[in-house]
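One structure below.
In listed order, ligands and their atoms are each counted from 1. Only this structure's heavy atoms are used, side chains among them; waters, hydrogens and symmetry mates stay out. For the single chain, residues carry numbers from 1 onward in sequence order.
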Amino acid sequence: MSLAEQALAGALSIADLRRIARRRLPRAVFEFIDGGAEDELTLAGNRRAFERRRIVRRVLIDVSEPSMRTSLLGAPAAAPFVIAPMGSCALAWPEADLAIARAACAAGIPYTLSTMSTTSIERMAKAVQGRLWFQLYVLREQASTDKLVERAAAAGYEALAVTVDLQAGGKRERDLRNGISLPPKMSARHVLDGMLHPSWALQMLRAGLPQFENVRGLLGDEGAGPTIAARVGQNLNPAWNWDDLARLRDRWPRKLLVKGVEHPDDARRMVSMGVDALWVSNHGGRQLDGAIASADALPRIADAVGGKAEILVDSGVRRGIDALKARALGAGAVAIGRAALFGAAAGGEAGARRAIEILTGELALAMKLSGTPDIDSVGRALLDGEPTQGGD
Ligand SMILES: Cc1cc2nc3c(=O)[nH]c(=O)nc-3n(C[C@H](O)[C@H](O)[C@H](O)COP(=O)(O)O)c2cc1C
Ligand SMILES: O=C(O)C(=O)c1ccccc1
């Protein structure tokens with residue numbers, strides 16, 4: 001076993017994978033992934049909202065073979081997990097999108113490709129046979145947005161998740177301090193940072209600068225944004241509204257998800273328009289600092305929707321038991337963002353596989369120890385002190 005393989009095998013938790021990633025990546029890249037907006041209140045709140053929930057265990061139940069198989073968007077999934085869309089992943093590991101997608105496919109869970117991926121819609125569809133969803137950022141140019149939607153349909157993606165919480169790039173102060181911008185402006189500090197992380201630097205030199213393959217030529221160049229998020233934000237349409245969502249619903253024939261929902265009234269209105277699934281998220285604390293934690297928004301949305309649409313949740317999932325808590329709070333599945341990317345940053349496809357394996361392993365154990373033989377039977381009563389309106 002190589003040293004890198006040994007390190008991966010020795011990683012017991014997502015926190016361990018994060019530590020390996022932190023050692024391997026230049027500071028600017030690690031902090032771009034790890035960081036949140038402003039004071040990182042929402043980033044920390046996401047974790048706290050999962051951590052503070054407590055499970056009231058049941059005993060004397062046969063849990064010899066706990067089943068975490070479930071149904072997501074009308075198709076089977078091996079576990080209640082989905083990979084969240086992440087742009088610029090190749091900064092962490094060459095072709096990290098492909099690495100994570102292959103790991104997801106092997107684990108039998110859906111993978112969401114970002115509009116800002118460094119692997120094109122078509123290349124991903126050719127490379128991976130598993131369940132693929134496409135995340136849409138609404139570009140300022142209507143025709144360019146329409147083209148992305150058409151390409152995802154033509155390439156056979158089963159679902160479209162339109163992200164609605166990046167009306168502008170969040171104020172990511174770590175990125176501003178580190179000067180990680182788009183296009184990259186290399187300073188002496190960046191070169192030094194690279195030299196201090198030679199395995200990463202050599203990989204990058206060999207692979208070349210990652211490109212946003214889906215939006216090649218589409219990002220306007222009115223000034224390089226001060227951060228990646230700011231530059232991308234400048235190119236998205238902040239005027240996009242309910243009427244536009246209705247048009248998108250008409251144009252896209254398959255499953256439609258809205259990512260970045262937090263208010264029950266928004267959720268209700270989306271369901272009435274025929275949106276198939278609500279993706280409760282605050283973008284991993286990277287957008288509005290001060291936004292409610294996802295795990296707190298989740299039960300209110302579940303009550304508002306009352307089973308008329310599916311619900312996913314992300315932001316702060318770092319342990320398998322978080323998926324059990326999320327199921328109890330009303331989600332069908334949790335999406336994994338940084339946890340998967342820390343894995344890929346630590347060791348490419350094997351690292352992403354390790355991340356999923358850690359989370360599913362922890363969930364299986366949590367199911368046994370809580371007396372949960374079947375993930376689909378989880379209700380709100382599993383949690384201490386949760387009002388059970390809309391639950392069981
Ligand atoms: C490096 C990085 C890039 C991201 N890029 C996108 C993106 O392109 N589109 C999107 O909808 N969300 C994006 N997100 C947000 C994730 O989809 C997800 O909502 C978030 O990471 C969940 O929080 P977690 O990382 O705590 O699991 C990104 C997150 C990270 C960490
Ligand atoms: O950083 C993000 O959260 C994000 O959404 C993004 C968008 C485009 C490129 C890279 C990241």
Side-chain angles (χ1 to χ4, degrees), residues 14 17-18 21 25 28-37 40 42-50 81-93 96-97 100 111-119 133-139 148 160-172 174-175 180-182 210-215 219 225 227-236 257-262 279-288 291 293-295 312-319 322-323 326 333-345 355 359:
I14 298 300
L17 290 174
R18 176 176 177 272
L25 298 177
V29 174
F30 176 77
E31 295 207 322
F32 162 69
I33 295 168
D34 195 49
E40 303 189 334
T42 296
L43 179 68
N46 283 334
R47 270 314 292 148
R48 263 204 305 276
F50 275 116
F81 293 108
V82 175
I83 303 294
M86 286 174 287
S88 314
C89 286
L91 285 175
W93 188 280
D97 300 324
I100 298 173
Y111 173 82
T112 314
L113 183 75
S114 165
T115 289
M116 299 299 169
S117 64
T118 50
T119 307
W133 301 354
F134 180 66
Q135 175 265 328
L136 180 70
Y137 271 137
V138 177
L139 305 175
L148 286 170
L160 188 73
V162 59
T163 298
V164 292
D165 60 6
L166 209 135
Q167 304 92 329
K171 186 170 174 236
R172 323 248 176 110
R174 297 206 231 178
D175 293 354
I180 182 165
S181 61
L182 193 71
Q211 304 286 328
F212 292 128
E213 291 188 354
N214 289 324
V215 294
L219 295 193
T227 63
I228 297 179
R231 172 83 195 288
V232 170
Q234 285 162 17
N235 285 277
L236 306 189
L257 299 80
V258 181
K259 176 171 180 284
V261 187
E262 292 193 329
W279 190 321
V280 180
S281 169
N282 54 40
H283 215 105
R286 296 162 75 83
Q287 286 296 99
L288 179 67
S294 283
L312 297 176
V313 65
D314 76 21
S315 298
V317 173
R318 298 290 183 277
R319 288 281 184 188
D322 298 335
V334 295
I336 315 166
R338 293 181 187 89
L341 189 50
F342 290 146
L359 291 172

How far is [atom] from its nearest protein heavy atom, and which residue and atom name does that atom have?
atom                    : value
atom 15 (C) of ligand 1 : His283 CD2, 3.5 Å
atom 6 (C) of ligand 1  : Pro85 O, 3.2 Å
atom 12 (N) of ligand 1 : Lys259 NZ, 3.0 Å
atom 2 (C) of ligand 1  : Arg286 NH2, 3.6 Å
atom 25 (O) of ligand 1 : Arg338 N, 2.9 Å
atom 18 (C) of ligand 1 : Asp314 OD2, 3.2 Å
atom 5 (N) of ligand 1  : Gly87 N, 2.9 Å

Show me which atoms of ligand 1 lie under 4.0 Å from any heavy atom of [X].
X      : answer
Ile33  : 31 (C)
Gly284 : 20 (C), 22 (C), 23 (O)
Ser114 : 7 (C), 8 (O)
Ser281 : 19 (O)
Thr163 : 10 (C), 11 (O)

Looking at side-chain heavy atoms only, is the closest gap between [X] and [Y] below 4.5 Å?
X      : Y      : value
Leu25  : Ile33  : yes
Ile336 : Ile14  : no
Arg338 : Arg318 : yes
Gln287 : Asn282 : no

Met86, portion touching ligand 1 at heavy-atom distance under 4.0 Å:
both
Test side-chain hydrogen bond (donor to acceptor under 3.5 Å, both in side chains) on Asn214 and Ser117 and set out the steps.
CA-CA 7 Å; Asn214 289 324; Ser117 64; 3.0 Å; yes
Just to be sure I read this right, does ligand 2 sit under 4.0 Å from the backbone of His283, its side chain, both, or neither, counting only heavy atoms?
side chain
Closer than 4.0 Å to some heavy atom of Met116 - which atoms of ligand 2 meet that?
8 (C), 9 (C)
Ligand-residue contact atoms, ligand 2 with Phe32, heavy atoms, under 4.0 Å:
1 (O), 10 (C), 11 (C)
Quick check: does any side chain N or O of [X] sit under 3.5 Å from a backbone N or O of [Y], one acting as donor and the other as acceptor?
X      : Y      : value
Asp175 : Thr227 : no
Arg172 : Arg286 : yes
Ser294 : Asp314 : yes
Gln135 : Thr115 : yes

Do Arg18's NZ or CZ and the ring of Phe30 fall within the cation-pi criteria of under 6.0 Å and 45°?
no
Judged on heavy-atom distance to atom 26 (O) of ligand 1, which of Gly316, Ala339, Gly337 sits nearest?
Gly316
Output yes when the distance from some N or O of ligand 1 to some N or O of Gln135 is under 3.5 Å, and no in every other case.
yes
Run the contact test for Arg172 against ligand 2 with a 4.0 Å cut-off on heavy atoms, strictly below, and give the result.
yes
Identify whether the distance between the nearest side-chain nitrogen and carboxylate oxygen of Arg47 and Asp322 falls below 4.0 Å.
yes
